[in-house]
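Note sheet for the following structure.
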Amino acid sequence: MKVLIVGSGGREHAIAVSVKKSPKVDKIYCAPGNAGIGQIAECVPIGAMEFDALVRFAKEKEIDLVIVGMDDPLVGGLVDELNAAGIRAFGPKKNAAILEGSKAFSKELMKKYNIPTAGYETFDSADAALKYLETATFPLVLKADGLALGKGVLICKTISEARNGVKSIMVDKLFGHSGDRLVIEEFMTGREVSVLSFTDGKSIKIMTSAQDHKRAGDNDTGLNTGGMGTFSPSPFYTDEVDDFCKKNIYQATVDAMASEGREFKGVIFFGLMLTKDGPKVLEYNCRFGDPEAQVVLPRMKNDIIDVMEACIDGTLDKIDLQFEDNAAVCVVLASDGYPVQYEKGLPIKGLENFDNKEGYFCFHAGTLKNEKGIVTNGGRVLGITALGKDLKAARANAYEATEWVEFDNKYMRHDIGKAIDEA
Ligand code: AMP
Ligand code: GLY
């Protein structure tokens with residue numbers, strides 16, 4: 001089989017490593033990819049939003065399966081265009097990817113189908129939103145309706161913060177058209193858990209749980225980022241939580257989408273908050289999480305191609321999805337200054353230390369190969385993942401391995417997985 005992966009981050013590198021393990025696959029392409037993906041796949045310089053070029057490339061190379069890793073092309077309808085050209089693709093079509101593409105849509109869906117989530121109101125004008133704030137209780141949460149690189153959520157403690165937030169999202173259009181509509185949501189407290197799943201539109205299979213660390217600084221301080229590290233499984237995802245979510249959230253979401261005529265095939269990412277009133281959905285994503293994929297996929301026992309094909313063919317009920325009885329921790333190595341301003345083009349040394357080291361992975365995110373060798377090319381540079389017999393062992397291994405690579409301005413959080421000690 002020939003496989004094309006669309007995307008360029010640590011998630012796509014983790015997907016590529018899993019695809020590479022499949023005996024069915026002879027050749028992997030990645031568009032556009034990065035320096036790490038380039039070691040196991042042929043990277044082609046086509047951007048993830050260049051739909052015509054991607055379709056043309058997939059036809060020309062007779063690609064058997066396209067795996068779309070990123071949210072933007074999924075929400076934009078890349079899978080529809082590939083299918084229209086007769087190419088098999090893994091990921092939801094546009095009318096299903098709206099589950100992530102519009103927060104107003106996902107909130108309405110949850111309300112209509114009684115899926116537990118925070119209370120909310122949706123607004124189409126800044127005036128109406130500002131008026132609502134007059135009688136609201138704080139803190140509350142403002143969410144731009146559309147995609148905003150994970151930055152469209154503002155937690156506001158006071159009315160003046162909220163007024164400024166409404167203005168920047170709806171008037172100044174900080175996130176462009178994503179801010180044409182606004183969801184104002186009740187503030188919830190509790191532990192967060194990420195649960196990834198495969199679905200074929202009818203049945204759903206849950207992967208092992210994970211937890212992300214979104215803030216840039218230790219002890220959850222600083223700005224929100226795309227994710228600074230993850231661990232899997234989450235010790236807070238107990239059997240009781242699993243039972244509740246199986247009864248009230250997972251299948252209910254798949255069925256709700258089907259009832260709406262929006263059959264969802266692909267990965268649904270459930271961002272959950274474990275509140276004192278039980279688990280509630282914070283958000284849905286229509287793809288693997290990044291860096292969640294970097295701790296979940298290395299623990300998966302199945303051939304990822306079998307699972308993805310079953311999602312496309314509607315035969316997922318025949319798959320016995322299995323994970324290793326171990327743990328994984330991923331520590332992101334970023335360029336100091338991320339997520340605001342940081343240097344690019346800094347040479348990375350020591351990558352070869354990961355060669356043939358079983359249980360250790362150096363997933364590339366923002367890297368590029370040029371005449372200087374492999375250099376930094378983004379805010380999040382590498383995801384260092386290690387396996388271990390349990391979470392503590394995996395964490396010790398991952399932090400040890402963060403020392404194997406060096407680049408100027410290397411920055412990481414030192415408390416990834418600290419929550420494990422409280423479990
Ligand atoms: P989202 O992109 O919706 O996952 O939001 C990003 C982050 O904002 C989440 O991971 C939570 O930490 C936080 N968040 C979102 N919605 C809420 C809420 N209703 N209450 C408290 N925190 C929230
Ligand atoms: N790590 C969160 C996300 O992928 O959206």
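- The shortest distance between side-chain heavy atoms of Phe198 and Ile204 does not fall below 4.5 Å.
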I'd like to know whether Phe123 forms a ring-ring contact (aromatic ring centres under 6.0 Å, His included) with Tyr132, so could you lay out the CA-CA distance, the side-chain angles of the two residues, the decisive distance to 0.1 Å, and finally the verdict.
CA-CA 9 Å; Phe123 299 92; Tyr132 173 85; 5.1 Å; yes
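- Side-chain contact between Phe138 and Thr158 is absent, with no heavy atoms from C-beta onward closer than 4.5 Å.
- Counting non-hydrogen atoms of neighbouring residues, nucleotides and ligands closer than 6.0 angstrom, the NZ atom of Lys276 reaches no more than 12 such neighbours.
- Two residues are said to be in side-chain contact when any heavy atoms from C-beta on lie closer than 4.5 Å; Pro347 and Thr376 fail this criterion.
- Listed for the Asn302 side chain is no donor-acceptor partner under 3.5 Å among the backbone atoms of Ile304.
- Remark: side-chain polar atoms of Arg11 are not paired, donor with acceptor, to backbone N or O of Gln294 under 3.5 angstrom.
- Using a 4.0 Å cut-off between charged nitrogen and carboxylate oxygen, Asp242 and Lys246 count as a salt-bridge pair.
- Considering Leu223, Leu149, Asn224 as possible partners of Pro339, the one that fulfils the side-chain contact (heavy atoms from CB on, under 4.5 Å) test is Leu223.
- Taking 4.0 Å as the cut-off between side-chain N and carboxylate O, Glu309 and Arg88 count as a salt-bridged pair.
- For the pair Glu186 (side chain) and Gly119 (backbone), a donor-acceptor distance under 3.5 Å is present.
- Both the sub-6.0 Å distance and the 45° axial angle are satisfied by Lys357 relative to the ring of Trp404.
- Side-chain contact, Lys369 with Asn34: no donor N or O sits under 3.5 Å from an acceptor N or O.
- Inter-residue side-chain proximity for Asn285 and Ile268 is flagged as unmet; no heavy-atom pair is nearer than 4.5 Å.
- Within 6.0 Å of atom CG in Asp243, more than 12 heavy atoms from other residues, nucleotides or ligands are found, so the atom counts as buried in its surroundings.
- Considering only heavy atoms from C-beta on, Val79 stays 4.5 Å or farther from Lys94 through its side chain.
- Rounding to the nearest 0.5 Å gives a distance of 7.5 Å between CG of Leu391 and OG of Ser232.
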Using side-chain hydrogen bond (donor to acceptor under 3.5 Å, both in side chains), reason through Tyr360 and Thr385 one step at a time and then give a plain yes or no.
CA-CA 6 Å; Tyr360 293 86; Thr385 294; over 6 Å; no
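- No more than 12 heavy atoms of other residues, nucleotides or ligands shown are found within 6.0 angstrom of NZ on Lys389.
- The side-chain heavy atoms of Leu99 and Met257, taken from C-beta on, include a pair separated by under 4.5 Å.
- Partner of Asp212 under the side-chain contact (heavy atoms from CB on, under 4.5 Å) criterion, out of Val295, Ile416, Thr230: Thr230 alone.
- Residue-environment remark: NZ (Lys93) stays at or below the threshold of 12 foreign heavy atoms within 6.0 Å.
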For the pair Phe175 and Lys151, evaluate side chain to side chain contact (heavy atoms under 4.5 Å, CB included) and give the outcome as yes or no after the intermediate values.
CA-CA 8 Å; Phe175 309 113; Lys151 293 179 190 142; 4.0 Å; yes
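- Contact check on Lys173 versus Asp180 returns a salt bridge, with a Lys/Arg side-chain nitrogen under 4.0 Å from an Asp/Glu carboxylate oxygen.
- For the 3.5 Å distance criterion, the side chains of Gln322 and Asp320 qualify, holding a donor opposite an acceptor.
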Passes salt bridge (charged side-chain N to carboxylate O under 4.0 Å, His left out), Glu134 versus Arg163? Steps please.
CA-CA 10 Å; Glu134 301 295 329; Arg163 282 185 184 130; 3.3 Å; yes
Under the criterion side-chain hydrogen bond (donor to acceptor under 3.5 Å, both in side chains), I'd like the reasoning laid out for Arg380 against Thr225: C-alpha separation, chi angles, the key distance, then a yes or no.
CA-CA 9 Å; Arg380 290 190 293 175; Thr225 69; 5.8 Å; no
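- Checked by atom type and distance alone, the side chain of Arg299 pairs as donor or acceptor with a backbone atom of Glu324 at under 3.5 Å.
- Looking at Arg191 and Glu422, a side-chain N of the basic residue comes within less than 4.0 Å of a carboxylate O on the acidic one, giving a salt bridge.
- Looking only at atom types and distance, the side chain of Tyr342 has no donor-acceptor partner in the side chain of Asn409 under 3.5 Å away.
- Between Val381 and Ile348, some side-chain heavy-atom pair lies under the 4.5 Å cut-off.
- At least one donor-acceptor pair under 3.5 Å links the side chain of Ser168 to the backbone N or O of Gly165.
- With hydrogens and angles disregarded, no donor-acceptor distance shorter than 3.5 Å links the side chain of Arg287 to the backbone of Val68.
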Taking it one step at a time, do Ser194 and Glu292 satisfy side-chain hydrogen bond (donor to acceptor under 3.5 Å, both in side chains)?
CA-CA 8 Å; Ser194 302; Glu292 283 86 344; 2.8 Å; yes
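- Shown are Arg262, Glu100, Arg181; of these, the side-chain contact (heavy atoms from CB on, under 4.5 Å) with Phe105 is made only by Arg262.
- Environment of CG in Asp390: crowded, with over 12 heavy atoms of neighbouring residues, nucleotides or ligands closer than 6.0 Å.
- At least one cation-pi condition fails for Lys418 and Phe231: the charged atom is not both under 6.0 angstrom from the six-membered ring centre and inside a 45 degree cone around its axis.
- The pair Lys112-Glu108 does not meet the salt-bridge criterion, since no charged nitrogen lies less than 4.0 angstrom from a carboxylate oxygen.
- If you check the side chains of Lys107 and Thr117, you find a donor sitting under 3.5 Å from an acceptor.
- Side-chain atoms of Thr199 come within 3.5 Å of backbone atoms of Ser203 as a donor-acceptor pair (strictly under, hydrogens ignored).
- Note: Tyr250 and Phe270 meet the aromatic proximity criterion, with ring centroids under 6.0 Å apart.
- Defined by atom type and a distance below 3.5 Å, a donor-acceptor pair is missing between the side-chain atoms of Thr221 and Arg215.
- A side-chain donor-acceptor contact under 3.5 Å links Ser102 and Asp145.
- Counted within 6.0 Å of NZ on Lys24, heavy atoms from surrounding residues, nucleotides or ligands total more than 12; the atom is thus considered enclosed.
- Salt-bridge annotation for Asp415 and Arg413: present, with a side-chain N of the basic residue lying under 4.0 Å from a carboxylate O of the acidic one.
- Between Tyr411 and Tyr338, the distance from one ring center to the other does not fall under 6.0 angstrom.
- For Lys157 (side chain) and Pro139 (main-chain N/O), no donor-acceptor pair under 3.5 Å exists by modelled atom type.
- A donor-acceptor contact shorter than 3.5 Å is absent between the side chain of His364 and the backbone of Leu382.
- The side-chain heavy atoms of Leu387 and Phe361, taken from C-beta on, include a pair separated by under 4.5 Å.
- Residue Glu240 places its CD atom among 12 or fewer non-hydrogen atoms of other residues, nucleotides or ligands, all under 6.0 Å distant.
- The CD atom of Glu343 lies 7.5 Å from the CG atom of Asp408; values are rounded to the nearest 0.5 Å.
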